[in-house]
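In this text, all values refer to a predicted model and were calculated from it rather than measured experimentally. One-based numbering, in listed order, for ligands and for the atoms of each.
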Amino acid sequence: MWNTIIRGYSLSSTPLRAVEFYRMMILSGTEPNSYTFPFVLKSCARIGAASPEGKQLHGHVLKLGLGCDAFVHTSLINMYAKSGELENARLVFDKSCLRDAVSYTALITGYVSRGCMDDARRLFDEMLARDAVSWNAMISGYAQSGRFEEALGLFEEMRRANVVPNESTMVSVLSACAHLGALDLGKWIHVYIDKKLQSLSNAPLQTSLIDMYAKCGNIEAAKQVFDGMEDKSLASWNAMITGLAMHGEANAALELFSKMGDEGIKPDDITFVGVLSACNHGGLVDLGRKYFSSMTKDYNISPQLQHYGCMIDLLGRAGLLDEAEALMKTMEMKPDGAVWGSLLGACRTHKRVEMGEYVAKHVFELEPENAGAYVLLSNIYAGAGMWDDVARIRTTLNDMGIKKVPGSTSIEVDSVVHEFLVGDKVHPLSEEIYEMLKEMDRLLDMAGFVPDTSEVLYDMDEEWKEGVLSHHSEKLAIAFGLISTKPGTTIRIVKNLRVCGNCHSATKLISKIFNREIIARDRNRFHHFRDGSCSCNDNW
Ligand code: ZN
Ligand code: ZN
């Protein structure tokens with residue numbers, strides 16, 4: 001009876017009660033057994049009470065000679081790991097002869113939750129028999145800590161080991177594909193899920209597919225998955241609206257939002273991030289204002305940092321800098337570096353030197369190492385012909401030894417993702433790629449393309465360190481795409497930074513000269529280059 005009630009509370013919303021009942025049990029003179037401990041320990045794990053309660057229980061386990069019970073043993077590891085006492089979890093694990101897949105996985109999960117992926121991997125590699133749960137713990141750990149290539153690599157190994165992945169493995173793998181822009185692999189996984197898991201009615205999986213297709217640049221396929229869903233969850237509406245917004249299909253995103261209301265689905269804060277970013281990418285100022293106020297008024301959702309960020313960016317781009325600043329003053333929370341940074345970008349576009357100086361000061365306070373902000377400020381000075389100030393900023397940057405994030409672009413050809421850095425010559429086809437670059441430059445020249453050299457000389461852009469414009473990473477990736485795919489094939493690239501002005505105009509022309517559709521994802525959004533123009537209408 002004691003065990004039953006302890007077990008009940010351990011699964012309830014009040015796990016602390018299980019610990020209280022355990023105490024009463026001891027006081028009543030009833031001796032706990034191997035069925036009692038897993039559940040009291042689980043309760044401690046849920047409330048993070050390794051010390052002192054968990055340790056006292058551990059003492060009881062040893063006194064009663066239950067340390068060698070497999071279930072109790074794993075529960076101890078789990079309890080320490082979940083309470084953040086990884087060293088103790090490790091001690092229990094190391095001192096014991098009981099090492100099975102379950103106890104390994106308990107410890108691996110502990111390391112993964114702390115982001116210690118290398119420790120987790122060492123344990124994982126030691127394991128003799130791995131089950132789907134342990135594979136899944138590792139793969140989702142890699143995906144959550146941004147190590148997407150490793151997540152996909154491990155998934156490949158899992159398949160070769162003939163372990164059947166579960167739904168949560170697939171969700172992690174799809175998110176890795178989405179981040180890397182690995183569309184071929186994503187498609188393959190779609191088919192695989194269809195065949196092997198027969199669980200396509202699973203809403204989280206379908207939502208992951210929508211997200212993957214949208215982020216890999218195939219918005220049509222995302223729509224198909226979405227339209228085919230019988231029970232659309234809130235998350236799936238959100239994924240679709242955000243996806244459309246990213247692709248600059250502002251009207252479609254807003255239509256979907258109103259359809260969502262018609263079907264009686266209540267939007268949440270994430271929905272509004274999608275709606276506002278649709279307005280932002282579409283440059284729809286009036287609608288943006290309308291949705292922003294409707295969010296609080298009609299839906300009782302108080303705007304968060306991201307919502308303000310979208311609005312301030314939208315207003316700033318439209319040149320309404322004073323309105324943007326006024327909105328910033330109404331924020332309940334402190335604006336972060338990204339919000340100030342977008343305002344700084346607007347100051348550059350609209351040549352507001354004084355405001356730019358003051359905004360930059362705020363960015364530097366929050367993010368002293370933000371090289372991009374120094375570059376923007378320098379560009380503001382350059383635009384106003386204030387060359388002494390430009391030189392001063394350059395010196396500051398050099399003195400501080402600030403390193404920029406290097407620009408890199410990846411492209412997937414025949415299911416293999418190739419990554420290029422600026423001026424990169426390590427690719428096996430490097431010679432052919434540079435031949436193609438020359439040819440591209442020749443044809444661009446013939447088509448009357450004039451590179452904007454002012455950006456090289458004075459206007460330090462995001463990639464100011466990248467040097468020669470024609471060797472920017474996206475140009476390399478496009479050149480590789482042109483030589484390694486059949487004529488007419490769509491080229492899809494993913495860039496980690498914002499596309500620079502020069503590459504943007506060059507890519508527009510390249511799409512026309514080579515008669516290719518080029519879909520580029522940069523840090524903020526998608527660009528669909530087709531027949532000499534871009535879907536973003538040069539607003540990005
Ligand atoms: Zn560029
Ligand atoms: Zn564009």
Distance alone, cut at 3.5 Å: any donor-acceptor contact between the side chains of His307 and Asp269? no
Rounded to 10 degrees, what angle sits at the Zn ion (ligand 2) between His527 ND1 and Cys536 SG? 110°
Within 6.0 angstrom of Gln306 CD, more than 12 heavy atoms from elsewhere: no
Run the ring-centre check on Phe292 versus Phe272 and record whether the distance is less than 6.0 Å. no
Is the Zn ion (ligand 2) less than 2.8 Å from at least one N/O/S atom of His504? yes
Side-chain donor-acceptor pair present, Ser208, Asp211, cut-off under 3.5 Å: no
Name of whichever N/O/S atom of His472 is nearest to the Zn ion (ligand 1): ND1
